[in-house]
Asks: 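Before I ask anything, here is the structure I am working with.
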Amino acid sequence: MEAIGTFIGIAASTVAVLLWLLTFHKRFFISIVRTEKVAAYGVYTEWGEACRTHFWYLIKALFPGNSPSTQDRLTLERQVQETFHQQFGSDQGGNVLIAHSCRSIFYYVIRYFLSNAKEVQGRRTIRICLPSLHFGSFYRIIRGIEKSLDCCIELYEVDLNEKDWTLDQDSVDEEEFKKCDLLMCQHLFGLPLNQDRLVKLARKYDIPIMEDCVQSGSLFGKYRGYAESDIIMYSGGLDKTPPCFGGGFGFFRNTPRGTEIYEHCNSLHNALPLDTWQGRFMTCFSIMVHLMIAKDSFGFNSLMGLVSYVWLTERGDYINWYAISLKVRKAKAITPFQHTESGFLRRPSAYQLQSMLYGLSRKERLKEVAQHEFRSRELLLSTIPPKYHRALFPWMTAGVLEQYKEMQGVSEFSWVVSPIGDRMHLCQFLNDHFIVVMINTTWEANEKSKSAVGKCVNDNLIYLPNINEATDELIVRVGKALTMYCQDLEKTGEVKF
Ligand SMILES: Cc1ncc(COP(=O)(O)O)c(C=O)c1O
Ligand SMILES: *[C@@H]1O[C@H](CO)[C@@H](O)[C@H](O)[C@H]1NC(C)=O
């Protein structure tokens with residue numbers, strides 16, 4: 001009798017709790033069930049693959065007699081250099097520097113110019129010409145160096161054109177440009193950004209050129225950088241191609257400046273401490289957290305959704321996915337995107353070099369991704385009436401679409417922009433249509449900049465679920481939601497398309 005009473009009591013309270021949950025938190029459940037938890041990062045590896053490779057290299061070394069020797073490490077380093085040479089196709093020769101990350105190489109190069117300036121002019125002031133949309137970590141590294149080294153790094157920014165986000169090269173003042181110590185070419189949207197005039201001017205005034213090819217469409221795509229560049233960089237980060245769980249590849253051409261800069265960078269590099277087993281393990285661990293989010297391994301993102309609901313969402317509303325994305329992205333403890341110097345100023349360990357070799361061998365897989373990406377972009381665009389394309393994807397001109405096809409690159413991200421300059425409004429709209437978006441990633445505008453367009457682009461860019469990770473069904477759903485958004489704007493007369 002008593003047992004039955006207890007049973008009824010438990011059942012009744014369970015039902016009461018469920019009813020309460022469903023009444024007051026219905027939207028939480030709807031959100032959890034209906035949202036496809038596809039992240040903004042394109043991550044071209046899997047959980048199992050990462051365990052079999054990057055983690056295995058670490059675990060293997062724990063068995064007696066298996067720990068890689070100094071000689072093993074040197075051999076690995078040479079192998080990585082040679083493989084990079086092959087993949088990059090640098091038959092004209094040049095030096096390759098294999099670093100902990102691309103940020104390391106950037107840091108060495110800046111240090112070279114600073115010490116050069118001190119020798120030549122007696123004070124540490126350098127001036128860099130670059131597009132007005134900065135890679136966030138590089139920008140913060142520059143600001144960090146300025147603080148810690150008592151020097152001045154001036155930026156001569158070239159803004160974007162408002163219409164199609166190409167570089168406004170006509171605005172460059174030759175007299176101003178002449179005073180620069182370095183031209184830093186940057187690529188923005190997964191394909192080469194035309195910087196021809198800047199490159200020509202740099203050659204005319206004998207200014208060294210460094211090209212950051214990380215977002216130019218992958219090492220395995222067709223683009224190989226400007227023939228005039230003295231330095232070309234690629235990253236082997238989690239969401240980069242080659243996917244190596246971290247790594248920086250610097251190619252220094254056999255030009256007089258290329259060689260000179262290489263030698264300086266290489267000696268800075270060689271003076272750094274070697275990354276330890278523990279250091280590499282911690283890096284792999286934090287990357288793994290991001291991999292689990294990107295792939296929604298073990299339903300991990302439902303847990304993130306719950307955290308977001310409890311912590312970052314108004315009671316009774318849909319889960320705020322973009323707020324949790326931002327929190328995770330910025331969390332200092334697990335970010336693989338460190339810009340504090342201690343995070344990247346170490347020489348790669350043997351384990352990391354093994355990972356790099358593995359990442360560099362993934363060309364065939366990445367070719368498939370490139371083809372998939374091209375089809376997915378077509379699918380996305382085909383679900384949105386052409387009259388809205390310009391407002392949502394201003395950079396996707398006919399020429400750019402052609403280039404996407406020709407270059408066979410892989411983009412890290414899939415973006416959209418707010419047609420009314422109100423990014424949060426569109427974020428909320430997409431969130432309420434069960435689409436996970438993200439903001440404030442990768443790009444950064446200079447707070448002191450006069451470049452209005454770069455700043456506006458930076459402040460209005462939204463990262464969609466990556467089209468390489470999304471199913472066709474989700475891509476269609478994203479397309480339809482964006483269409484609805486534009487139709488609403490059109491109806492209220494806010495925008496004429
Ligand atoms: C444009 C660009 N440059 C450089 C990097 C830096 O790569 P790493 O993480 O290897 O330092 C990134 C990484 O996000 C990037 O997007
Ligand atoms: C995003 O970054 C911009 C500046 O780049 C900043 O003004 C804004 O507050 C950031 N938004 C969030 C939600 O962090």
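Both ligands and their constituent atoms are indexed starting at 1 by order of listing. In what follows, residues are counted from 1 in the order of the sequence shown. Side chains included, hydrogens not; waters and symmetry mates left out as well; all remaining heavy atoms used.
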Asks: With a 4.0 Å cut-off on heavy atoms, is C102 in contact with ligand 1?
Replies: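 The answer is yes: ligand 1 sits under 4.0 Å from a heavy atom of C102.
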Asks: Just do the side chain to side chain donor-acceptor pair (under 3.5 Å) check on Y44 and N468 with the steps written out, would you?
Replies: CA-CA 9 Å; Y44 308 111; N468 288 318; 2.9 Å; yes
Asks: Touching ligand 1 at all, G247? Heavy atoms, strictly under 4.0 Å?
Replies: yes
Asks: Near H425 NE2, under 6.0 Å, is it more than 12 heavy atoms from other residues, nucleotides or ligands?
Replies: no
Asks: Would you mind telling me if ligand 2 is within reach of the side chain of K327, the backbone, both or neither, using heavy atoms under 4.0 Å?
Replies: neither
Asks: For K240, is the nearest heavy atom under 4.0 Å from an atom of ligand 1?
Replies: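 Flag set, K240 near ligand 1.
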Asks: Counting each atom of ligand 1 from 1 as listed, which ones have a heavy atom of Q215 under 4.0 Å away?
Replies: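 Close to Q215: 1 (C), 15 (C), 16 (O).
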Asks: What atoms in ligand 2 come closer than 4.0 Å to a heavy atom of R423?
Replies: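 Close to R423: 1 (C).
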Asks: Do the ring planes of F84 and F88 sit parallel (below 30°), tilted (30 to 60°) or perpendicular (above 60°)?
Replies: parallel
Asks: Which one of D459, N440, I439 has a non-hydrogen atom at the shortest distance from atom 2 (O) of ligand 2?
Replies: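 That would be N440.
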Asks: Would a search of protein heavy atoms around atom 7 (O) of ligand 2 find one under 4.0 Å away?
Replies: no
Asks: Tell me, which protein residue and heavy-atom name are nearest atom 5 (O) of ligand 2, and how many Å apart are they?
Replies: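 So the nearest neighbour among protein heavy atoms is E444 OE2, 3.0 Å.
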Asks: Count the heavy atoms of every other residue, nucleotide or ligand shown that sit under 6.0 Å from CH2 of W47, and state whether that count exceeds 12.
Replies: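 Not buried by this count: 12 neighbours or fewer within 6.0 Å.
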Asks: Where is the nearest protein heavy atom to atom 13 (C) of ligand 2: which residue, which atom, and how far?
Replies: L326 CD2, 3.5 Å
Asks: Which atoms of ligand 1 sit under 4.0 Å from any heavy atom of T442?
Replies: 16 (O)
Asks: In ligand 2, which numbered atoms sit nearer than 4.0 Å to a non-hydrogen atom of N458?
Replies: 5 (O)
Asks: Using a 6.0 Å cut-off, check whether atom CD of E494 has over 12 heavy atoms from anything other than its own residue.
Replies: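 Yes - once you tally the heavy atoms of other residues, nucleotides and ligands closer than 6.0 Å, there are more than 12.
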Asks: Please work out which of the three classes, parallel, tilted or perpendicular, describes the rings of W277 and F281, given edges at 30° and 60°.
Replies: parallel
Asks: Check whether any N or O atom of F138, backbone or side chain, sits under 3.5 Å from an N or O atom of ligand 1, and answer yes or no.
Replies: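 Min N/O separation from ligand 1 is not below 3.5 Å for F138.
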Asks: Let me see the working for H134 and Q186 under side chain to side chain donor-acceptor pair (under 3.5 Å), right down to the final yes or no.
Replies: CA-CA 8 Å; H134 303 271; Q186 187 85 59; over 6 Å; no
Asks: Which atoms of ligand 1 sit under 4.0 Å from any heavy atom of Q186?
Replies: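 Those qualifying, in numeric order: 1 (C).
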Asks: Aromatic rings F413 and Y41: how do their planes relate, parallel, tilted or perpendicular, breaks at 30° and 60°?
Replies: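 Rings of F413 and Y41: tilted, as their planes differ by 30° to 60°.
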Asks: How far apart are the C-alpha atoms of Y223 and Q403, what are their side-chain angles, what is the distance that settles it, and do they pass the side chain to side chain donor-acceptor pair (under 3.5 Å) test?
Replies: CA-CA 10 Å; Y223 185 66; Q403 248 191 336; over 6 Å; no
Asks: For ligand 1, is there an atom lying under 4.0 Å from some heavy atom of F344?
Replies: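 Heavy atoms of F344 never come under 4.0 Å of ligand 1.
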Asks: Within the structure, does W443 bring an N/O atom to less than 3.5 angstrom of an N/O atom in ligand 1?
Replies: no
Asks: If you round to the nearest 0.5 Å, how far is OG of S411 from NE2 of H187?
Replies: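 It is 13.5 Å, given to the nearest 0.5 Å.
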